[in-house]
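First up is the structure itself, then whatever we jot down about it.
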There are 2 protein chains.
Amino acid sequence: MTDELTVDFEPLGRRARVGHGATLLEAARQAGVGLNAVCGGAGTCGTCRVRILAGQVTPPTEAERDAVADGCRLACQARALGDVRADVPPTSITAPQRAQIEGRERAVELDPAVRSFDVVAAPPSLTDLQADVTRLREALQEQHGVAVERWDHPTLGRLSVLLREHGWRARLVVRDGEVIDLAPAGTSHLGLAVDIGTTKVAAYLMDLGSGETLAAAGAMNPQIAYGEDVMARIAYAMEGEDRALDLQHHLVGGLDDLTRALCGQAGRASSAVAEAVLVGNTCMHHLALGLPVRQLGLAPYVPALADSYDVKARDLGLRLAPGANVHLLPNIAGFVGADHVAMILATGMHEAGEVTLGLDIGTNTEISLAVDGRLLSCSCASGPAFEGAHIRDGMRAAPGAVEWVRLVGGRVEYQTIDEAPPVGICGSGVLDGVAALRQAGVLRSNGAMRLEDHPRVRRTEGGVEFVLVPAGERSAPRDLVITRRDVNEIQLAKAAIRAGVEVLLEEAGLEAGQVERVVVAGAFGTYLDVGSALAVGMFPPLPRERFVQVGNAAGMGAKMALVSRRCRGVATEIARRVEYIELTTHPQFVQAYMAALVLP
Amino acid sequence: MTDELTVDFEPLGRRARVGHGATLLEAARQAGVGLNAVCGGAGTCGTCRVRILAGQVTPPTEAERDAVADGCRLACQARALGDVRADVPPTSITAPQRAQIEGRERAVELDPAVRSFDVVAAPPSLTDLQADVTRLREALQEQHGVAVERWDHPTLGRLSVLLREHGWRARLVVRDGEVIDLAPAGTSHLGLAVDIGTTKVAAYLMDLGSGETLAAAGAMNPQIAYGEDVMARIAYAMEGEDRALDLQHHLVGGLDDLTRALCGQAGRASSAVAEAVLVGNTCMHHLALGLPVRQLGLAPYVPALADSYDVKARDLGLRLAPGANVHLLPNIAGFVGADHVAMILATGMHEAGEVTLGLDIGTNTEISLAVDGRLLSCSCASGPAFEGAHIRDGMRAAPGAVEWVRLVGGRVEYQTIDEAPPVGICGSGVLDGVAALRQAGVLRSNGAMRLEDHPRVRRTEGGVEFVLVPAGERSAPRDLVITRRDVNEIQLAKAAIRAGVEVLLEEAGLEAGQVERVVVAGAFGTYLDVGSALAVGMFPPLPRERFVQVGNAAGMGAKMALVSRRCRGVATEIARRVEYIELTTHPQFVQAYMAALVLP
């Protein structure tokens, strides 16, 4: 395939050069255009719509019928036969998206794995012929009582020159008996905590000397162009060994960019970062380390690695300080990862006296139940509906998404992100919509909709639907609807979560009413309306005040582990203590799931 | 400089493409022709002679006067002005040279840092969801009682696939609580011991399970094209940061080639080598690690690193097993390196009951004296005369070198390496020649030669000289002579060694006669005639039977450290115990040196 054609993406002004017959999705990836591709390019999700403005492409495939009806093509199906100019609608773009980076912080005592010390050494002379390393080692012992045994290799290489340039004064950065960096005296050293979500990455830059958070930022996970959920990424990675490395490479590149941006905000360089903590679900954890993920995609879904892990940043290709270490918290199982451990750590539910239910809601929802010193955890495939996928007018939480809905006396009230003209409905909006329709009696308990119950209900070729936003209202480019199918998607998603909760309660021998606190974490968990979630039966019927929304608890847990070795020990202890309940083979699961499908 | 000219080297048939004005030495380096360059290309040593067969080069410089008189040019001075064809005489080539790889072995108990274990793990199932790493860790603990805490990163990446391909059986290679490699069950793991000399590299491939030596080989140190002695290398490295890395890169490339060749002999791949031990003088040690050597070239000559050191082979760019470790024995001082520690270890002189003197003779000669539990060491700049450099007809120990000489009743008897036609005189030949001429009364005690004492003594423009081999004898291409100047070079070299010995004896409060054993190591030390060395006064006058020539003791010490952790501990203990005597500032040194210049 020779590079002979150009594909231009408007209004972004990005250009790719591709071979004859390349798909527009391939072109978009090459051009750095973050097109949605929930299914990983299989033609089944319909999220990568583009409009052909000029140029010749292959005829529409069967998979593109819906898209073509809207005057669009699917970028994963359409192949360039000449130079092409394509328009990318905002709903097809993965970025910018609202990222959840804040969370409730718990104070921890500063006890980082990395500490730094200023030392002054005597210069060598004809009567003092000690080696540079010996000189520094003894100065560190004498001046700070710190013993070191090992010297990181790139650090060792820079030591003799730096010492002589800075008059035999230096700051030594020490980790676990190893000198991992060397800088002019007085330099402070930084740490990086990262929560790698399947969709989004949240990162925090901290001063390891003071424990202060210097900067925080969110970004899209760059792997998103290769499939939006975990299974799509695994499928992509399984196509060939270089593809898993591709995914790792993209993630590491994104982390490098994010680190550079955070350090820039703090007026520092990435090379000042001496330690990082990464958390993520088991698949993101494995992809970050470059581990194979094939076994995560096949029963019995076991991780390659569950223990906490330390690796030199350079062995991952990550550009931090030359000897920087990356610490990964332990995983619990194939679908309950280090991010859930971090969430438990951050919420303290493992040591709370109360019966606590903790949920991190996403494409995959991890649930833990803490009771009488026990910790039970499970994972349920809640699907991408809460991310706006598989929903007719769904989109992710980006500007113009309807994020909040209620029916007041038959009248629809709603709010969009950034108050932009409505272009789609994000997860919390769909959940609100379904809850409101059910509460207003428009929906039956099985999810069916009746034409006679609301003037906005209409029947189309595809079935019945509720018009949430008519075209033109607040400059909406088209009608935004909630279809019967969309309602079913929400039913499937919430039933999976509820069934998980019920199985855990069953295992613990508890009634739902005995749960004293429900901790809801994660981006969707932050923005969802607990009342709506209760209305659709996602959670057991508990008083509203027992619920607490804690934001990005996984990120907060990563920060705690960054500044506290004790917290790392606690995380290992949490992972060890967890009794993992595999839902797919659990005798009560199917029954609980069927029961939970009903809208209360 | 564009690559526009070709330079061909005959009879080797090597070609370089260089820019207009490039020196022939640069061309030789590019073409991989191992031209001698004792001075590092400064035009002072005259060892890089070539004959121009065709093509235009720059006019001779002042430095080339002697070479031009012989119809030659110096490759470091002559610059190509057009396509050039040059003839390289055998005396100008660094390879092949006789390398000393054998040595006296001392038996050590097998106790390698790296051990490997076959394990069988149960495959995961829906009722056994442990991670792959946990599974292997527990199998190792249960089946071999071995606890591991860490997993080398590239090894971790290969583990899940290999386990599944080989039916959950594998061989784990463990080092200090870390799993550093993984292979199909039953695979044996190898170790590599290397003595990196300034001129030559000797390497040994061992089976770490049995302790058996599988293969051994010698090769030239590829850095030799950048200067033949330590100071020339340091000077080259100091010209710029990339130059020190150049030197490291060349050495590592050479070690890779040597490892591949050794492994090929054993029918294995380099990736089966799980541990390596390197020894060398302090400069070679630093250059192998990519450490700066600037401070080794400037008073007070302190090393960057003296402690023993462990580093991942991949951090040095060395291609062994993915997680292989490289261990470097400790250095003693800027000019007494890990090779001398290895020599002491191999000879056992540190624990001998006898008063022992140990010498490793080379361009730099390291000397140790063991007495009553004390170990005193020094280093003396004996110069390259024993390598055949700075000697009128000197050459290194390669085929055609006169290596053994005696005068029998006024008649000269000699022997050449491989019995090839005599083309030059190597170090042992020059030493024998000087000793024989002194014993025959041709030389006075100050090194002067008398015309009347032997018909072979003649006077030329440059001074008096002794014709060792007349042109034509055994097809010698020209007269081979020992000049008055050559005698002086030998006097300077042997005086440096003798003065070192005398200072050590003085420091220990000993008379020479109290030395019970003299251990002579190294390539030159293997081939020198002890009688000749005694005759010129290189050693104190001791009975011949107190001397023992042990071959490449440094290589033997490296092998011991490869298979025995205890020996590594002993090496550290040796380095710690040594009382290093700096000769350059020692009050007795100059006097001892002046006294030692005399031929007894």
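In what follows, every chain begins at residue 1, and chains take the letters A, B, ... in the order their sequences are listed. Side chains are part of it too, since the values below use all heavy atoms of this structure and drop only hydrogens, waters and symmetry mates.
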Among Leu289(B), Thr585(B), Val311(B), the residue with the most heavy-atom pairs under 4.5 Å to chain A is Leu289(B)
Can you find a pair of side-chain heavy atoms, one from His153(A) and one from Tyr309(B), that are under 4.5 Å apart?
yes
Problem - Arg169(A) CZ: over 12 foreign heavy atoms closer than 6.0 Å - result: no
Pair count under 4.5 Å, heavy atoms only, with chain B: among Leu163(A), Leu159(A), Val133(A), highest is Val133(A)
- Message: Around atom NE2 of His249(A), are there more than 12 heavy atoms from other residues, nucleotides or ligands closer than 6.0 Å?
- Response: no
When rounded to the nearest 0.5 Å, the distance separating CD of Glu149(B) from CG of Asp310(A) is 11.0 Å
If you tally heavy-atom pairs under 4.5 Å between each of Arg158(A), Arg150(A), His286(A), Arg164(A) and chain B, the highest tally belongs to Arg164(A)
One option among Ser125(B), Ser160(B), Ala304(B), Gly157(B) has the most heavy-atom pairs under 4.5 Å with chain A, and it is Ala304(B)
So, the part of Leu136(B) with a heavy atom under 4.5 Å from chain A: the answer is neither
Assess whether atom CZ of Arg319(A) is packed by more than 12 heavy atoms of other residues, nucleotides or ligands within 6.0 Å. no
Minimal heavy-atom distance between Val302(B) and Pro124(A), with the atoms involved, is CG1-CB, 3.7 Å
Heaviest contributor of heavy-atom pairs below 4.5 Å to chain A, chosen from Glu582(B), Gln295(B), Arg135(B), is Gln295(B)
Whatever's closer than 4.5 Å to a heavy atom in chain A on Asp152(B) counts as backbone
The interface call for Tyr301(B) against chain A, heavy-atom contacts under 4.5 Å, is neither
Scanning both residues in full, the closest heavy-atom pair of Pro300(A) with Leu129(B) reads O-CD2, 3.2 Å
Would you call Lys312(A) and Asp315(B) a salt bridge, taking side-chain N to carboxylate O under 4.0 Å as the test? no
Interatomic distance, CG@Leu305(B) vs OG1@Thr134(A), rounded to 0.5 Å, equals 7.5 Å
field: Sidechain N-carboxylate O distance under 4.0 Å for Asp307(B), Arg137(A)
entry: yes
Notebook entry, point to check: Taking the side chain as C-beta and beyond, is there a heavy-atom pair between Leu291(B) and Leu156(A) under 4.5 Å?
Noted result: yes
Residue from Ala306(B), Gly334(B), Gly290(B), Pro303(B) scoring the most non-hydrogen pairs under 4.5 Å with chain A is Pro303(B)
